[in-house]
Colleague: 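Quick one: the structure is below, and I'll ask about it shortly.
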Amino acid sequence: MIILVTGAGGPTGEAVSGHFRKNGHTVIAVDKEDVDLLDRTAVQGLADWIERDHGRVDGVVHLVGGWRGAGSFAETSLDDWDLLHDLLIRTLQNVSLAFEPLLRHSDNGRFVIVSAKAAETPSAGGAAYAAAKAAAEAWTLSLADALSGTGSAATILVVKALVNDAMRAEKPHAKFSGFTDVHDLAEAIGGLYDRPAAEVNGTRLDLTA
């Protein structure tokens, strides 16, 4: 399979890319140094290059993230909203619009985003983050509708937060209660290919349950 991982820098991208590579798949891992995902033309160029060189794409795992919070609702900065809009929504829009046609032609394609429990139960100080995550979910569900009836699916994986080995090493006494390990996330993404597209398309899979 040909798997694109966007926002691939850091432990989460490494875990997801590594999971697919060790299972024999071709991984194209890109981060902001490789492609400006806020540039619609650049992202379309990436899609065109993958189609030209590989003929198809079988997975797009969109890992671009970010977090901003405030001490209270009234202290929420709309500058934080602008930042989160670009990171969590605009990059998703550009990537999904460019790759939807390729996914439609895959026999077993998957488009995956990672969302947060905060989108369901926003806190007073987390308005900007929760709203951006909720918007990203709605956009992904629209993509799922577009993929309905094809061999591909768009799926939302929900976590409280992610944890990796470096975080544990930095805080050895922290419990990270309810957090999802990045390797478990990678396994969950890989597991989406073991189920029929129609079964996982347009679903929110809660990894905290």
Side-chain angles (χ1 to χ4, degrees), residues 1-50 53-54 57-69 79-99 102-103 110-116 118-119 128-129 132-133 135-137 139-140 154-171 174 176 179-190 192 207:
M1 294 193 298
I2 309 299
I3 308 295
L4 171 67
V5 181
T6 54
T12 305
E14 291 171 3
V16 172
S17 298
H19 172 83
F20 282 104
R21 286 192 180 110
K22 76 178 182 182
N23 284 286
H25 305 300
T26 297
V27 176
I28 301 163
V30 300
D31 204 15
K32 58 186 178 181
E33 289 81 11
D34 304 303
V35 178
D36 181 3
L37 298 180
L38 291 172
D39 184 334
R40 178 75 173 86
T41 301
V43 177
Q44 186 61 55
L46 174 65
D48 294 343
W49 170 76
I50 291 175
D53 278 31
H54 299 279
V57 71
D58 303 301
V60 178
V61 184
H62 188 64
L63 297 177
V64 177
W67 183 86
R68 289 291 187 279
D79 289 339
D80 288 345
W81 165 257
D82 291 341
L83 174 69
L84 292 171
H85 170 271
D86 282 352
L87 288 174
L88 304 182
I89 304 172
R90 182 64 74 198
T91 63
L92 169 63
Q93 291 172 327
N94 287 341
V95 170
S96 58
L97 288 170
F99 282 90
L102 283 173
L103 288 166
R110 299 291 183 270
F111 187 99
V112 184
I113 69 163
V114 180
S115 190
Y129 177 74
K133 281 293 190 183
E137 288 196 16
W139 186 273
T140 303
T155 305
I156 300 161
L157 299 185
V158 181
V159 302
K160 175 183 177 181
L162 295 171
V163 63
N164 57 66
D165 291 342
M167 293 168 62
R168 291 193 181 94
E170 185 178 341
K171 297 181 178 180
F176 298 105
F179 284 35
T180 299
D181 189 276
V182 293
H183 295 287
D184 293 332
L185 174 71
E187 291 281 350
I189 294 171
L192 295 175
L207 300 186

Colleague: Among all residues two or more places apart in sequence or in another chain, which pass the salt bridge (Lys or Arg N to Asp or Glu O under 4.0 Å) test with Arg168?
Modeller: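 Asp165, Asp181.
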Colleague: Compare all side-chain heavy atoms of Leu46 with those of Leu4 and state whether any distance is below 4.5 angstrom.
Modeller: yes
Colleague: Is a side-chain N or O of Asp58 found less than 3.5 angstrom from the main chain of Ile2, in a donor-acceptor match?
Modeller: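 Yes, the answer is positive, given that a donor and an acceptor are paired below the 3.5 Å cut-off.
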Colleague: Starting at CG of Leu207, measure out to CG of Leu185 and round the result to the nearest 0.5 Å.
Modeller: 6.5 Å
Colleague: Supply the atom-to-atom distance Phe111 CZ to Leu103 CG, rounded to the nearest 0.5 angstrom.
Modeller: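 Reported to 0.5 Å precision, the distance equals 7.5 Å.
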Colleague: When Leu157 is tested against each of Ile189, Val61, Ile113 for side chain to side chain contact (heavy atoms under 4.5 Å, CB included), which residue passes?
Modeller: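 Per the side chain to side chain contact (heavy atoms under 4.5 Å, CB included) rule, the option paired with Leu157 is Ile189, out of Ile189, Val61, Ile113.
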Colleague: State, to 0.1 Å, how close Val16 and Ala186 come at their nearest heavy-atom pair, and which atoms those are.
Modeller: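 Val16 and Ala186 have their closest heavy atoms at CA-CB, 3.8 Å.
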Colleague: Find the distance between OG1 (Thr12) and CG (Leu63) and round it off to the nearest 0.5 Å.
Modeller: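 The OG1 atom of Thr12 sits 6.5 Å away from the CG atom of Leu63.
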Colleague: Taking all heavy atoms of Leu102 and all of Val57, pick out the closest pair and write down the distance.
Modeller: CB-CG1, 3.4 Å
Colleague: Run the side chain to side chain donor-acceptor pair (under 3.5 Å) test against Thr180 and tell me which residues pass, sequence neighbours left out.
Modeller: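 If we apply the side chain to side chain donor-acceptor pair (under 3.5 Å) test to Thr180, skipping adjacent residues, there are no hits.
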Colleague: Of all residues at least two apart in sequence or in a different chain, which pass the side chain to side chain donor-acceptor pair (under 3.5 Å) check with Thr6?
Modeller: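 Thr6: side chain to side chain donor-acceptor pair (under 3.5 Å) contacts with His62.
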Colleague: Can you list everything that forms a side chain to side chain donor-acceptor pair (under 3.5 Å) with Trp139? Sequence neighbours excluded, please.
Modeller: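 Applying side chain to side chain donor-acceptor pair (under 3.5 Å) to Trp139 gives Ser96.
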Colleague: With sequence neighbours excluded, tell me which residues meet side chain to side chain donor-acceptor pair (under 3.5 Å) with Arg40.
Modeller: Gln44
Colleague: With sequence neighbours left out, what residues match Ala161 under side chain to side chain contact (heavy atoms under 4.5 Å, CB included)?
Modeller: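 Partners of Ala161 under the side chain to side chain contact (heavy atoms under 4.5 Å, CB included) test: Phe179.
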Colleague: Of all residues at least two apart in sequence or in a different chain, which pass the salt bridge (Lys or Arg N to Asp or Glu O under 4.0 Å) check with Glu14?
Modeller: none
Colleague: With sequence neighbours excluded, what pairs up with Ala132 under the side chain to side chain contact (heavy atoms under 4.5 Å, CB included) test?
Modeller: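 So Ala132 forms a side chain to side chain contact (heavy atoms under 4.5 Å, CB included) with Trp81, Leu84, Leu88, Ile89.
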Colleague: Report yes if some heavy atom in the side chain of Asp39 is under 4.5 Å from a heavy atom in the side chain of Asn94; otherwise report no.
Modeller: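 Counting from C-beta outward, Asp39 and Asn94 never come under 4.5 Å.
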Colleague: For a quick test of reading the model, state the closest non-hydrogen atom pair linking Tyr129 to Ala116 and the distance between them.
Modeller: OH-CB, 3.5 Å
Colleague: Test of understanding: with side chain to side chain contact (heavy atoms under 4.5 Å, CB included), list the residues that count as partners of Asp80, not counting sequence neighbours.
Modeller: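 Asp80 satisfies side chain to side chain contact (heavy atoms under 4.5 Å, CB included) with Arg68, Ser77 once adjacent residues are dropped.
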Colleague: List the residues meeting side chain to side chain contact (heavy atoms under 4.5 Å, CB included) with Leu38, not counting sequence neighbours, and say none if there are none.
Modeller: Asp36, Asp86, Arg90, Thr91
Colleague: Name each donor-acceptor pair under 3.5 Å that joins a side chain in residues 22-33 to protein atoms two or more places apart or in another chain, with its distance.
Modeller:
unit_1	atom_1	unit_2	atom_2	d
Asn23	ND2	His19	O	2.7
His25	ND1	Met1	N	3.3

Colleague: Any donor and acceptor pair, going by atom type alone, linking the side chain of Lys133 with main-chain N or O of Val114 inside 3.5 Å?
Modeller: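 Looks like yes, one N/O pair under 3.5 Å.
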Colleague: For Trp49, what residues pass the ring pair (Phe, Tyr, Trp, His ring centres under 6.0 Å) criterion, not counting sequence neighbours?
Modeller: His54
